[in-house]
Protein chains: 2
Amino acid sequence: MTKQTPTIGSSTYQRIKHDIIFGLLEPGSKLKLDTLKERYATSNSTLRETLNRLTSEGFVESPAQRGFYVTPVSREDLLEVAELRVLLECHALELSIANGDTDWEGNLVAAHHKLHLMEERMQSGDQSDKEMWKRYDWEFHLAMIEACQSKNLLSLHSILYDKYLRYQNLVLTYRGAEAVEEHKGMFDAALARDAEKAKELLELHIRNGLTHTLAAM
Amino acid sequence: MTKQTPTIGSSTYQRIKHDIIFGLLEPGSKLKLDTLKERYATSNSTLRETLNRLTSEGFVESPAQRGFYVTPVSREDLLEVAELRVLLECHALELSIANGDTDWEGNLVAAHHKLHLMEERMQSGDQSDKEMWKRYDWEFHLAMIEACQSKNLLSLHSILYDKYLRYQNLVLTYRGAEAVEEHKGMFDAALARDAEKAKELLELHIRNGLTHTLAAM
DNA sequence: AAAATCAAAATATCAGATATTATTGCCAAT
DNA sequence: ATTGGCAATAATATCTGATATTTTGATTTT
C-alpha cells in the first residue's frame with residue numbers, strides 16, 4: 001500500500017485534497033499559508049502551487065488578494081453536483097457498456113466483489129473503515145464507466161465524484177442495505193449489457209444518495 | 001476595453017491560456033520557465049502557479065519532474081471534447097430555456113445581434129478580426145445557456161468551449177453562411193422556448209463544426 | 001546496437017526579502 | 001451608538017537567488 005509520490009508537490013496536493021474531501025479541512029475555513037506550512041511540512045511556493053490547482057478544480061476558492069479558503073458547501077451546490085454526476089456518469093456508463101471488452105468485464109466483476117465484501121462487513125456493524133469503503137465504492141463506479149473511451153469524460157467525472165463524496169462525508173451516515181441492492185442491480189444490468197436499465201438504476205442510485213445527504217444537512 | 005487584472009498571477013494566467021487557445025503557443029511545445037519568464041515578464045513562482053492551474057484544466061501537461069508542455073492535440077481528443085460539449089451544452093440549454101426570464105431574453109437578443117453584425121462583416125470579406133468574432137460567438141453561446149442555474153455546469157462548459165475553440169483556431173478557416181444560419185435557428189428556437197428544437201440545432205451546429213475542423217486536420 | 005557512465009541543463013523545492021493590499025483598532029464627528 | 005477616516009498591523013502576492021534531485025545528451029564500453 002505504499003503509494004509512490006514522485007514529487008513533494010503531488011503528494012501535498014493529494015493530502016490537502018483528501019483532507020478537504022474528508023472534512024478534515026472544514027468547508028469555508030481559511031487556508032493560511034503559515035498554518036499549512038506546519039501541517040503539511042512544505043514550503044510556501046509548493047503550497048501555493050497546490051492551492052492553485054485545487055482552486056481550478058473547485059475545492060478551494062481564492063478571492064483576489066485574500067488568500068485561500070476551502071470552498072463552502074451549500075444545498076444548491078450539492079444539487080448541481082449531483083445533477084452533473086447523473087448526466088456525466090450515465091452517459092459514460094452507456095458508452096462503457098457499448099464498448100466494454102472482456103478485460104472490462106473482468107475488472108468490473110472484481111471491483112463489485114470487493115465492494116460487496118466491504119458492504120457486508122459494514123452491515124454487520126464494523127463501520128471502522130469508512131475510508132476504505134469509499135475507496136471501493138469509487139473503484140466500482142469507475143470500473144463501470146472505464147470503458148467509455150473518453151479520457152476527458154473520465155477526468156471530469158472523477159472531480160465530480162470527489163465533490164459529491166465530500167458532501168457524503170459531511171453527513172457521515174451509512175445508507176446501508178438499499179445502496180447494496182442498488183450496486184448489485186447496476187452491476188447485473190451492466191454485465192447483461194442492458195444500458196437503459198443500468199442508466200436508470202444509476203440515476204436512481206445517485207438521486208437516492210442525494211436525498212439521503214440532503215436530509216442530513 | 002481595458003480589462004482590470006487585479007493580480008499579476010491572474011493576468012499571466014489569462015495571457016498564457018489565450019496564447020494556447022489561439023495557437024501562439026503550439027500544441028506539444030515545451031514550456032521552459034526561462035523562456036516564459038522573458039515572454040510574460042514575470043517570475044518563476046507566478047509562472048509555476050499559472051502552469052499548475054492550466055494543467056488541472058487540461059491546457060498544459062506536466063509529466064512528473066519534466067516540466068510543462070502545451071497539451072498536444074489529436075483527433076480523438078477533439079472528438080471527445082466535441083461530444084462532451086454537445087452533452088453539457090445541450091443539457092444547459094434545456095435548463096436555460098426552462099428557467100430564463102426577461103433579462104435572459106434581453107441579453108440573448110443583444111448577444112445574437114452583436115454576433116450577427118460581426119458575421120455579416122466576416123462574410124463581406126473582412127476577416128481581419130477573427131479574435132473578436134470568436135468572442136462574440138462565445139458570448140452568444142454563453143447567453144443561450146446562462147439561465148441554466150448551475151455554476152458548476154457553466155464552469156465546466158466554459159473550459160470545454162475553450163478546448164474546442166483551440167481546435168477551431170488551429171485550422172483557421174471560416175465556416176461562413178451555414179454557421180450563421182445555425183446560430184439564427186438556435187436563437188429563434190430558444191426565444192420560442194422550443195427546447196427540443198433548440199437542442200437539436202445546437203447538436204447539429206457543434207457536430208458540423210466538428211466535421212469541418214476534422215476535415216482540415 | 002545496447003548498456004553503462006558522466007557532465008551539463010532543467011526541475012522541484014526552499015528560504016528569505018519586498019511591495020502591495022486587506023484588516024483592525026482607535027479617534028473624531030455626527 | 002453609529003459612521004467615517006486613518007494609522008498600525010497582519011496577510012498576500014511577487015520576486016530573487018540558492019540547493020538538491022532528476023533528466024538529458026554525449027561519450028564510452030560491452
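Every chain is numbered from 1 and lettered A, B, ... according to where its sequence line falls, protein lines coming before strand lines.
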Can you list, by residue number, the residues of residues 31-54 of chain B that have a non-hydrogen atom closer than 4.0 angstrom to DNA chain C?
-> B/Lys32, B/Arg48

Pairing residues for A/Asp137 by the side-chain hydrogen bond (donor to acceptor under 3.5 Å, both in side chains) criterion, not counting sequence neighbours | A/Tyr161, A/His183

Output all residues satisfying side-chain contact (heavy atoms from CB on, under 4.5 Å) with B/Gln149, sequence neighbours left out; order by chain, then residue number.
-> B/Asn99

I would like to know whether B/Lys17 and B/Tyr13 meet side chain to side chain donor-acceptor pair (under 3.5 Å); could you show each step before the answer?
-> CA-CA 6 Å; B/Lys17 184 167 176 176; B/Tyr13 165 78; 3.1 Å; yes

B/Glu120: partners by salt bridge (Lys or Arg N to Asp or Glu O under 4.0 Å), with sequence neighbours left out = none

Contacts of A/Arg85 that satisfy salt bridge (Lys or Arg N to Asp or Glu O under 4.0 Å) - sequence neighbours left out | A/Glu89

Ring pair (Phe, Tyr, Trp, His ring centres under 6.0 Å) involving A/Trp133 - partner list, sequence neighbours excluded | A/Tyr174

Using the test salt bridge (Lys or Arg N to Asp or Glu O under 4.0 Å), find all partners of A/Arg39 that sit at least two apart in sequence or belong to another chain.
-> A/Asp19

Taking salt bridge (Lys or Arg N to Asp or Glu O under 4.0 Å) as the test, write out the residues that go with A/Glu94, two or more places apart.
-> A/Lys199

Return the angle between end axes of the helix from C/dA1-D/dT30 to C/dT30-D/dA1, with five pairs used per end and rounding to 10°.
-> 30°

Nucleotide N/O to protein N/O under 3.5 Å, stretch nucleotides 20-26 of chain D:
none

Per-pair distances, 0.1 Å, donor-acceptor, side chain in residues 67-76 of chain B, under 3.5 Å, sequence neighbours excluded:
{"residue": "B/Thr71", "atom": "OG1", "partner": "B/Gly58", "partner atom": "O", "Å": "2.9"}
{"residue": "B/Thr71", "atom": "OG1", "partner": "B/Phe59", "partner atom": "O", "Å": "3.1"}
{"residue": "B/Thr71", "atom": "OG1", "partner": "B/Val60", "partner atom": "N", "Å": "3.1"}
{"residue": "B/Ser74", "atom": "OG", "partner": "B/Asp77", "partner atom": "N", "Å": "3.1"}
{"residue": "B/Arg75", "atom": "NH1", "partner": "B/Leu214", "partner atom": "O", "Å": "3.4"}

For A/His112, what residues pass the ring pair (Phe, Tyr, Trp, His ring centres under 6.0 Å) criterion, not counting sequence neighbours?
-> A/His116, A/Phe140, A/Phe187

Counting just side-chain N and O atoms, does B/Thr7 come under 4.0 Å of either OP1 or OP2 of D/dT14?
-> yes

